[in-house]
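Inspection log for the structure reproduced underneath, given as structure tokens.
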Amino acid sequence: MMRTRPLKVALLGCGVVGSEVARIMTTHADDLAARIGAPVELAGVAVRRPSKVREGIDPALITTDATALVKRGDIDVVIEVIGGIEPSRTLITTAFEHGASVVSANKALLAEDGAALHAAAEQHGRDLYYEAAVAGAIPLVRPLRESLAGDKVNRVLGIVNGTTNFILDKMDTSGAGYSEALDEATALGFAEADPTADVEGFDAAAKAAILAGIAFHTRVRIGDVHREGITEVTAADIASARRMGCTVKLLAICERAADGQSVTARVHPAMIPLSHPLASVREAYNAVFVEAEAAGQLMFYGPGAGGSPTASAVLGDLVAVCRNKLNEATGPGESAYTRLPVSPMGDVVTRYHISLDVADKPGVLAQVATVFAEKGVSIDTVRQQGKDGEASLVVVTHRASDAALSATVEALRKLDTVRGVASIMRVEGE
């Protein structure tokens, strides 16, 4: 039997995502009520600019006092899609204190202060759900937190930022440079006016921290994640990857160490073979591989951002939280029992693609090879091109630690025959 008294929902933020959440709540009200077992009512919408026309939303619901809204006491669920650290953090904890559970899409806050938010939710017996914080409409948080709770996840590898994937895809398919591809992404609405969070890897690093924490049952903050963006990726890098039968993607990689005693989390551009499924992820789409001991390799694919996809994830969480509310229960909270340390990037072992500008004369290759050997980095392949006294030398290594590779590059820069290091890129996905 359906309960007739509605569950009241407060919406914090009414931008691209918030307005779509409100629209779906209104147009799909009957379906949501049937799935939950009670109607849901939008009880208030907190915004910064109340004068803006918001189609389909009763102006009487609009308020600029978000604090008063979450303190009302009759609110069952707060949906937070403001973003940023403050005032979101204070509003969420205030919501818990006044009896509301929270659905959030705030990856930056969760990656920075997720442990404190989980603790506050547990203290007050409330839910904290955040499927929309990681990969838009792609179900990823819940499978890791619930479906794979009985398994052991060893690796999470994926493309979790649509803006950077669009840019790199355009550079690959059209031969455009980084700036040209960014301009196209901006014109099409795939990049913000200030794209720093995306192109410098901050967005992907926040998502990597969240995924690593859930996957490995340990606490990982954004400061623990090694981060490199795509601003230094050149058309030459893309062309070199093509010659190797690869393409370049910005990857989020979270791994459990072979001995199980630590984890790593990193975000950086990398070459991956064209045969790898991630190589075919085009434009602004996201895709994530999860490798677990019993389940094997799972792939999650779909739109990772945008109003409708993100709203879909938010509303999925809303249904789950409302069901819990009706059953006087809460869903899974933080699981951080392993307390595994996060290893530094220097300990990470992978392959590398290094492009060197060198003098075009005999003995250069031997000198370079000697440096690699002295630093314990084994060479897989070498390609050399030269003209008019100048040459390029492309070296692809076998697997080596980041620390060993860094020492090798430092030694290479000291050679008189090495004019400069044009680029260094990791090779993943093999």
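Throughout, residue positions are numbered sequentially from 1 according to the sequence presented. All values below were derived from every heavy atom in this structure, side-chain atoms included, with hydrogens, water molecules and symmetry-related copies excluded.
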*At their closest point, which heavy atom of Ser240 faces which heavy atom of Val394, and how far apart are they?*
OG-CG1, 4.3 Å

*Take Leu91 and Ile82 through the side-chain contact (heavy atoms from CB on, under 4.5 Å) test and state the conclusion after the steps.*
CA-CA 10 Å; Leu91 290 170; Ile82 299 173; 3.8 Å; yes

*May I ask you to test the Phe372-Leu412 pair for a side-chain heavy-atom distance under 4.5 Å?*
yes

*Are Lys325 and Asp127 close enough for a salt bridge, meaning some N to O gap below 4.0 Å?*
no

_When you compare the side chain of Val371 with that of Leu415, does any pair of heavy atoms fall below 4.5 Å?_
yes

*Where is the tightest heavy-atom contact between Tyr352 and Val427, given as atom of each residue plus distance?*
C-CG2, 4.1 Å

*Hey, could you give me the CZ/OG1 distance between Arg256 and Thr218, rounded to the nearest 0.5 Å?*
9.5 Å

*Keeping to residues at least two apart or across chains, list the side chain to side chain donor-acceptor pair (under 3.5 Å) pairs with something in residues 307-316.*
Glu20-Ser308

*Walk me through it: do Thr247 and Ile272 pass the test side-chain contact (heavy atoms from CB on, under 4.5 Å)?*
CA-CA 6 Å; Thr247 189; Ile272 58 172; 4.0 Å; yes

_Does any part of the side chain of Val396, heavy atoms only, come nearer than 4.5 Å to the side chain of Met244, both counted from C-beta?_
yes

_Arg351: side chain to side chain donor-acceptor pair (under 3.5 Å) partners, not counting sequence neighbours_ = Asp380, Glu430

*Given side-chain contact (heavy atoms from CB on, under 4.5 Å), test Val81 with Leu12 step by step and report yes or no.*
CA-CA 6 Å; Val81 287; Leu12 308 184; 6.0 Å; no

_Distance (rounded to the nearest 0.5 Å) between Leu32 CG and Ile24 CD1_ = 8.5 Å

_Point-to-point distance, once rounded to the nearest 0.5 Å, from CZ of Phe96 to CD1 of Ile92_ = 6.5 Å

_Nearest 0.5 Å, please: how far is CG in Asp198 from CZ in Phe190?_
12.5 Å

*Does any N or O in the side chain of Gln367 come within less than 3.5 Å of the main-chain N or O of Val364, such that one atom is a donor and the other an acceptor?*
no

*Taking atom CZ of Arg48 as the centre, report whether more than 12 heavy atoms of other residues, nucleotides or ligands fall under 6.0 Å from it.*
no

*Atom pair OG1/CD1 of Thr163 and Ile230 - distance to nearest 0.5 Å*: 8.5 Å

*Closest approach of Gly331 and Asn324, non-hydrogen atoms and distance?*
N-ND2, 3.3 Å

*asked:* Heavy-atom count check: over 12 atoms from other residues, nucleotides or ligands less than 6.0 Å from Phe166 CZ?
replied: yes

*Side chains of His268 and Ile253 in contact at under 4.5 Å (non-hydrogen atoms)*: yes

_Heavy-atom neighbours of Glu146 CD exceed 12 at 6.0 Å_ = yes

*Please test Val153 against Arg155 for side-chain contact (heavy atoms from CB on, under 4.5 Å), starting from the C-alpha separation and ending with a verdict.*
CA-CA 6 Å; Val153 175; Arg155 194 170 194 240; over 6 Å; no

*Does the Asn165 side chain pair with the main chain of Glu283, one donor and one acceptor, at a distance under 3.5 Å?*
yes

*asked:* Checking the side chain of Asp224 only, and the main-chain atoms of Arg221 only, is there a donor and an acceptor separated by less than 3.5 Å?
replied: yes

_If you compare all heavy atoms of Gly429 against all heavy atoms of His276, which two are closest, and at what distance to 0.1 Å?_
O-CD2, 3.1 Å

*Under the 3.5 angstrom rule, does the side chain of Thr397 hit a backbone N or O of Ser378 as a donor-acceptor pair?*
no

*Neighbour count >12 (heavy atoms, 6.0 Å) for atom CZ, Arg243*: yes

*Within the distance-only criterion (no hydrogens, no angle test), does the side chain of Lys375 pair as donor or acceptor with the backbone N or O of Ala407 below 3.5 angstrom?*
no

*asked:* Looking at Val16, is its backbone amide N or carbonyl O close enough to the side chain of Ser19 to form a donor-acceptor pair, meaning the two atoms are under 3.5 Å apart?
replied: yes

*Can you tell if the side chain of Tyr130 reaches within under 4.5 Å of the side chain of Glu80, non-hydrogen atoms only?*
no

*Side chains of His217 and Ser335: is there a donor and an acceptor less than 3.5 Å apart?*
yes

*Less than 4.0 Å between a side-chain N and a carboxylate O, is that true for Arg89 and Glu86?*
yes

*Is it the case that Asp237 and Thr234 place a side-chain donor and acceptor less than 3.5 Å from each other?*
yes

*Would you check if the side chain of Lys249 reaches a backbone N or O of Val281 as a donor-acceptor pair within less than 3.5 Å?*
yes

*Salt bridge check: are Glu228 and Arg266 linked by an N-O gap of less than 4.0 Å?*
no

_Close side-chain approach of Leu42 and Leu61, heavy atoms under 4.5 Å_ = yes

*Give a yes or no answer on whether the side chain of Arg54 reaches the backbone of Lys52 with a donor-acceptor pair at less than 3.5 Å.*
yes

*Could Asp317 and Arg142 be called an ion pair, given the rule that one side-chain N must be under 4.0 Å from one carboxylate O?*
yes

*Counting only heavy atoms not in Glu122, do more than 12 fall under 6.0 Å of its CD?*
no

*Going by atom types alone, do Asp183 and Tyr178 pair a side-chain donor with an acceptor below 3.5 Å?*
no

_Could you measure the distance from the CD atom of Glu291 to the CG atom of Asp151? Nearest 0.5 Å is fine._
12.0 Å

*Between the main-chain N or O of Phe216 and the side-chain N or O of Thr338, is there a donor-acceptor pair closer than 3.5 Å?*
yes

_Arg419 to Ala359 - nearest heavy-atom pair and separation_ = NH2-CB, 3.3 Å

*For residues Ala181 and Lys170, report the shortest heavy-atom separation together with the two atoms involved.*
CB-CB, 4.1 Å

*Look at atom CD of Glu232 and say whether more than 12 heavy atoms of other residues, nucleotides or ligands are closer to it than 6.0 Å.*
no

*Among side-chain atoms of Thr350 and Glu428, is any donor-acceptor pair under 3.5 angstrom?*
yes

*Salt bridge or not for Asp402 and Arg426, using N-O below 4.0 Å?*
yes

_For Ser262 and Ser343, which I'm curious about, is there any donor-acceptor pair between the side chains at under 3.5 Å?_
yes

*Considering only heavy atoms from C-beta outward, does the side chain of Asn154 approach that of Lys152 to under 4.5 Å?*
yes

*asked:* Tell me whether Arg23 is salt-bridged to Glu55, with the criterion being a basic N under 4.0 Å from an acidic carboxylate O.
replied: no

*Tell me, do Leu318 and Ile79 make a side-chain contact under 4.5 Å, heavy atoms counted?*
yes

*Asp65 atom CG: more than 12 heavy-atom contacts under 6.0 Å*: yes

*Below 4.0 angstrom, N of the basic side chain to O of the carboxylate: do Glu131 and Lys107 qualify?*
no

*asked:* Strictly distance-based, threshold 3.5 Å: is any side-chain N or O of Asn106 a donor or acceptor partner for the main-chain N or O of Gly84?
replied: yes

